[in-house]
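Report on the following structure.
Note: hydrogens, waters and symmetry copies are ignored here, and every other heavy atom, side chains too, is used.
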Amino acid sequence: MFSKKGEYTFESKVNGVYQLRKWYLIALAVIALVVLISHLLMERNIINQLSDSRVINVAGRQRMLSQKLTKELLLLEESRGEQRERWESDLHSTLRLWEESQRGLRQGSTELALPGENSAKIEQMFEQLEEHHQAMVQEVSSILNTQMTEEQISRTIGEVLAHEQEFLTGMNSLVFQYDDEAHEKVINLQSISRILLGIALFCLLLEFMFIFRPLAKYIQDTISDLRSAQQQAKEHADEIKSLYDAKERSLRELRALNFAVDQASLFASTR
């Protein structure tokens with residue numbers, strides 16, 4: 001049996017447990033959300049880093065290909081016969097790869113694993129390079145696809161070399177810009193990661209202050225109540241045992257008294 005005060009205390013504790021459980025689940029959901037966001041950001045950054053590394057690698061290779069292009073042009077100019085045909089084939093391959101890589105850097109390419117997502121500054125730098133790039137493509141294509149005299153070939157190669165120097169200088173700047181932007185992405189991710197870590201720690205602090213500490217106090221109070229109830233139950237049991245013993249004694253005395261009365265009645269009847 002509970003008194004009204006006892007019933008109110010029990011109901012209050014039950015309601016308190018429900019409230020603590022609700023806030024505990026909310027806090028866990030917030031922490032899980034923060035962890036999920038952190039994981040998605042890290043995963044996205046890893047993918048971006050792989051993509052940025054690929055872009056920087058291809059952009060750096062463009063400088064090498066432009067130099068390879070001019071070198072093969074010079075070798076083509078000096079070669080004859082079968083050797084000239086071999087250099088023409090190599091020059092075709094180099095020109096095709098150079099064009100595809102340049103287009104992939106700007107527009108994206110699944111074959112080269114290039115996303116084609118450039119900042120406004122990088123697009124502006126590409127626009128400045130486009131004139132030299134197109135000029136080199138046209139001059140090399142004219143050498144490969146048309147019949148030229150040695151003098152025309154030499155003059156065309158000179159124009160390619162002039163544009164190649166401008167392209168190489170601009171491509172150097174573009175590679176460094178790619179690298180700076182990739183580094184900036186990493187710094188931004190570090191800042192976001194620290195913010196999310198701060199949110200997670202703040203949620204843990206709130207859980208400790210408003211959930212774990214009240215829950216620990218509630219458990220201590222419950223244990224104290226259980227001990228008190230155990231002590232009371234023991235006292236009640238002792239009291240009941242005493243009453244039971246008294247009852248047994250009374251019954252024995254009553255039986256003895258009844259027996260004495262019965263014996264007296266029997267004796268009186270006999271007399």
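Applying side chain to side chain contact (heavy atoms under 4.5 Å, CB included) to Leu105 and the options Ile122, Val55, Asn118 leaves one that passes, Val55. When the options Leu161, Ile157, Thr156 are evaluated for a side chain to side chain contact (heavy atoms under 4.5 Å, CB included) with Leu73, the one that passes is Ile157.
Ring-plane geometry between His133 and Trp98 is classed as tilted, the angle between the planes lying from 30 to 60 degrees on a 0 to 90 degree scale. Under the 30°/60° scheme for interplanar angles, the aromatic rings of His163 and His132 are found to be tilted.
The 12-atom threshold is exceeded at CD of Glu248, counting heavy atoms of other residues, nucleotides or ligands nearer than 6.0 Å. The number of heavy atoms from other shown groups lying within 6.0 Å of CD (Glu184) does not exceed 12.
A salt bridge links Lys241 to Asp245: one of the charged nitrogens lies within less than 4.0 Å of a carboxylate oxygen. Salt bridge annotation for Glu72-Lys68: present, with a cationic side-chain nitrogen under 4.0 angstrom from a carboxylate oxygen. The residues Arg84 and Glu88 are annotated as salt-bridged, a charged nitrogen and a carboxylate oxygen being separated by less than 4.0 angstrom.
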Using the side chain to side chain contact (heavy atoms under 4.5 Å, CB included) rule, take Ser228 and Gln232 through it: C-alpha gap first, then chi angles, then the decisive distance, then the call.
CA-CA 6 Å; Ser228 177; Gln232 292 178 1; 3.7 Å; yes
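Using a 3.5 Å distance cut-off with no hydrogens or angles, the side chains of Glu164 and Gln67 do not pair a donor with an acceptor. Arg61 and Ser101 form a side-chain donor-acceptor contact under 3.5 Å, judged by distance and modelled atom types alone. In summary, the side chains of Gln177 and Glu181 do present a donor paired with an acceptor at a separation below 3.5 Å, with no hydrogens or angles considered.
Looking at heavy atoms from C-beta onward, Arg96 lies in side-chain contact with Ser93 at the 4.5 angstrom threshold.
In terms of heavy-atom proximity, Ser141 sits nearest to Leu95 at OG-CD2, 3.6 Å.
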